[in-house]
Amino acid sequence: MSPNPLAETVASLMPRARTELAELVAFRSVADFAQFPRSESEAAADWIVGALRAEGFQDVARLDTPDGTQSVYGYLPGPEGAPTVLLYAHYDVQPPLDEAAWDSPPFELTEREGRWYGRGSADCKGGLVMHLVALRALKAHGGVPVHVKVIVEGSEEQGTGGLERYAEQHAELLRADTIVIGDAGNFRVGLPTVTTTLRGMTMVRVEMETLEGNLHSGQFGGAAPDALAALIRVLDSLRAEDGSTTVDGLSGDGVWDGLQYDPEAFRADAHVLDGVELIGSGTVADRIWARPAVTVLGIDCPPVVGATPSVQSRARALVSLRVPPGVDAAEATKFLTAHLTSRTPWGARVRVEQTGEGQPFRADTTSPAYTAMAGAMSTAYPGERMQYAGQGGSIPLCGTLAALYPAAEILLIGLSEPEARIHAANESVSPQELERLSLTEALFLRAYAGS
């Protein structure tokens, strides 16, 4: 990192950043209140309210969003005539899954081999800390040169659309010239990257019903229609022989023409077992950034332990479909619903219910904000140039903000590089990346103010 006063200030703020991230990680702020107490999310929101007020933010508020969760908003005025920048992060996190799979407690920030481990450390409580460090560094060197709005979402991981609906109902609140979404990440540690596309997402629950109740498999099996077998068959129809997603009516031949993903590097990043093949066709970048991808997230059926020899009368599954830019998520939902319905065998009764949706996103990389970000990244990462990459995941708010504010420039940066293992056990963040990206954001805000 180039020695300069701003970089030195950011470095001096890192011990505080670690302390604050530890405090945030300690909140079990999973926005699924059937699994985790609402009080944990409310306590995290309270922490953020206090942090913003301590930094001089005005109009700090907890926003009660339509999905029953809270987002936190604040406004920091800058010089007269300066542009307005909206900084985004989210404080809700994924469940820790099997806590026994973690090498340290998931809600206790723990340092090992130069990384900080804990649920939400990278996705996306670390993104909030990144924003705070950048603003503090600028305040130590003449002040923040732009008007800043901060919005920290409370239910991003659930995909329930609370903040999107709130933004649509209060369109002026988040209006800005540029929006920095701190919920993406570098392609590799040390390789500065802006995410320029996001796949959208739709989730549906599909339920099969064939009998009034379960039947003895010896007495009735072979003729009685098995709901679980029907479900398995229709789920299998969503993939071709090579594993490519095949939803009737939905194109699956998109091509990614930017930064490519080496297959062996992808195998390592995804921890694919030896001898197991990658699925799909085309380049890895095509498959994860430019084409649809279906995933069966869960199935309700009897567990192996305690199962009885029965023909199942009912079974259901939760299915996720990621859709690339250029595909409308609502249209994709219609295709998926029609596919599941038409492919259901044996006249089984099928019910498909949508449970979540987010639109895909594609950024305008020719804007002044991207020029400012490229310069900031080259300074924070000496010897490296800013790269453009896609992201297979969804940030539904991006599509909403792009629709509400078509003139706004939207950039996606963050801490979720492959080693972070977000959503998995042993999620972690690189403190070096936190430091460099905090500096990047400070340099960007300074450069953008003068552009």
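The basis for the numbers below is simple: all heavy atoms, side chains too, and nothing from hydrogens, waters or symmetry mates. Note that this is a predicted model, so its numbers are computed, not measured.
When all heavy atoms of Arg362 and Gly326 are compared, the closest pair comes out as NH1-N, 4.5 Å. Residues Asn426 and Ala101 come closest through the heavy atom pair ND2-O, 3.3 Å. Looking at every heavy atom in both residues, Ala171 comes nearest to Leu404 through CB-CD2, 4.5 Å. The shortest heavy-atom contact between Leu434 and Ser438 is O-OG, 2.7 Å.
A distance of 5.0 Å separates CG in Asn186 from CG in Leu437, rounded to the nearest 0.5 Å. Put simply, CE on Met386 and OG1 on Thr365 are 8.0 Å apart, with the number rounded to the nearest 0.5 Å. Distance CG/Asp248 to OG/Ser342: 5.5 Å, rounded to 0.5 Å. Atom CD of residue Glu353 and atom CZ of residue Arg351 lie 7.5 Å apart, to the nearest 0.5 angstrom. With values rounded to the nearest 0.5 angstrom, Asp123 atom CG is found 7.5 Å from Gln94 atom CD. Here CZ of Phe361 is found 9.5 Å from OG1 of Thr195. Values are rounded to the nearest 0.5 Å.
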Practice item. Given side-chain contact (heavy atoms from CB on, under 4.5 Å), test Leu24 with Leu128 step by step and report yes or no. Key: CA-CA 10 Å; Leu24 280 167; Leu128 171 60; 4.0 Å; yes
Exercise for review: Check the pair Tyr370, Thr196 against side-chain contact (heavy atoms from CB on, under 4.5 Å), reporting the backbone distance first and the verdict last.
Suggested key: CA-CA 10 Å; Tyr370 273 82; Thr196 58; 4.3 Å; yes
Practice item. Using the side-chain contact (heavy atoms from CB on, under 4.5 Å) rule, take Leu191 and Glu384 through it: C-alpha gap first, then chi angles, then the decisive distance, then the call. Key: CA-CA 7 Å; Leu191 183 64; Glu384 298 289 349; 3.5 Å; yes
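Evaluated for a salt bridge (Lys or Arg N to Asp or Glu O under 4.0 Å) with Glu427, the options Arg421, Arg119, Lys125 yield exactly one hit, Arg119. Across Thr341, Leu336, Thr333, a single residue satisfies side-chain contact (heavy atoms from CB on, under 4.5 Å) together with Val352, and that is Thr341.
In this structure a side-chain-to-backbone donor-acceptor pair under 3.5 Å is missing from Ser428 to Ala122. Between the side chain of Asp183 and the main chain of Gly127, no donor-acceptor pair closer than 3.5 Å is present. Within the 3.5 Å criterion, the main-chain N or O of Gly254 finds a donor-acceptor partner in the side chain of Arg291. At least one donor-acceptor pair under 3.5 Å links the side chain of Thr65 to the backbone N or O of Thr69. For Trp116 (side chain) and Arg18 (main-chain N/O), no donor-acceptor pair under 3.5 Å exists by modelled atom type. When atom types are taken as modelled, the side chain of Arg38 and the backbone of Gly68 share a donor-acceptor pair closer than 3.5 angstrom. Remark: the backbone N or O of Met377 is not paired with any side-chain donor or acceptor of Thr440 at under 3.5 angstrom. Between the side chain of Arg287 and the backbone N or O of Gly282 there is at least one donor-acceptor pair closer than 3.5 Å. Under the 3.5 Å distance criterion, the side-chain polar atoms of Arg188 are left unmatched by any main-chain donor or acceptor of Thr193. Judged purely by atom type and a 3.5 angstrom limit, Thr245 uses its side chain to pair as donor or acceptor with the backbone of Val294.
Contact check for Glu55 versus Val60: no side-chain heavy atoms found under the 4.5 Å cut-off. For the pair Val323/Phe335, no side-chain contact is recorded, criterion being any heavy-atom separation below 4.5 Å from C-beta on. Side chains of Leu415 and Ser430 form no contact here, defined as non-hydrogen atoms less than 4.5 Å apart. In this structure, Leu238 and Leu340 have side chains that are in contact, with non-hydrogen atoms separated by less than 4.5 Å.
Between Asp46 and Arg62 there is a salt bridge, with a side-chain nitrogen of the basic residue lying less than 4.0 Å from a carboxylate oxygen of the acidic one. Ion pairing between a basic and an acidic side chain is recognised when a charged N comes within 4.0 Å of a carboxylate O; Glu172 and Lys149 show no such pairing. The existence of a salt bridge linking Arg343 and Asp236 is excluded, since no basic side-chain nitrogen approaches an acidic carboxylate oxygen closer than 4.0 Å.
Asp92 and Gln158 are not linked by any side-chain donor-acceptor pair at a separation below 3.5 angstrom, with hydrogens and angles left out of the test. With 3.5 Å as the limit, one finds a donor-acceptor pair spanning the side chains of Ser313 and Asn214. In summary, the side chains of Thr400 and Glu164 do not present any donor paired with an acceptor at a separation below 3.5 Å, with no hydrogens or angles considered. If you check the side chains of Gln70 and Tyr91, you find no donor sitting under 3.5 Å from an acceptor.
Residue Glu212 qualifies as open at atom CD: its count of foreign heavy atoms under 6.0 Å is 12 or below. The number of heavy-atom neighbours closer than 6.0 Å to CZ of Arg112, taken from other residues, nucleotides and ligands shown, is above 12. Within a 6.0 Å sphere centred on CG of Asp257, other residues, nucleotides and ligands contribute 12 heavy atoms or fewer. Within a 6.0 Å radius of CD in Glu241, other residues, nucleotides and ligands contribute 12 heavy atoms or fewer.
A ring-centre distance under 6.0 Å is not found for Phe57 and Tyr73.
The aromatic rings of His90 and Tyr88 lie tilted to each other, with the angle between the two planes from 30° to 60°.
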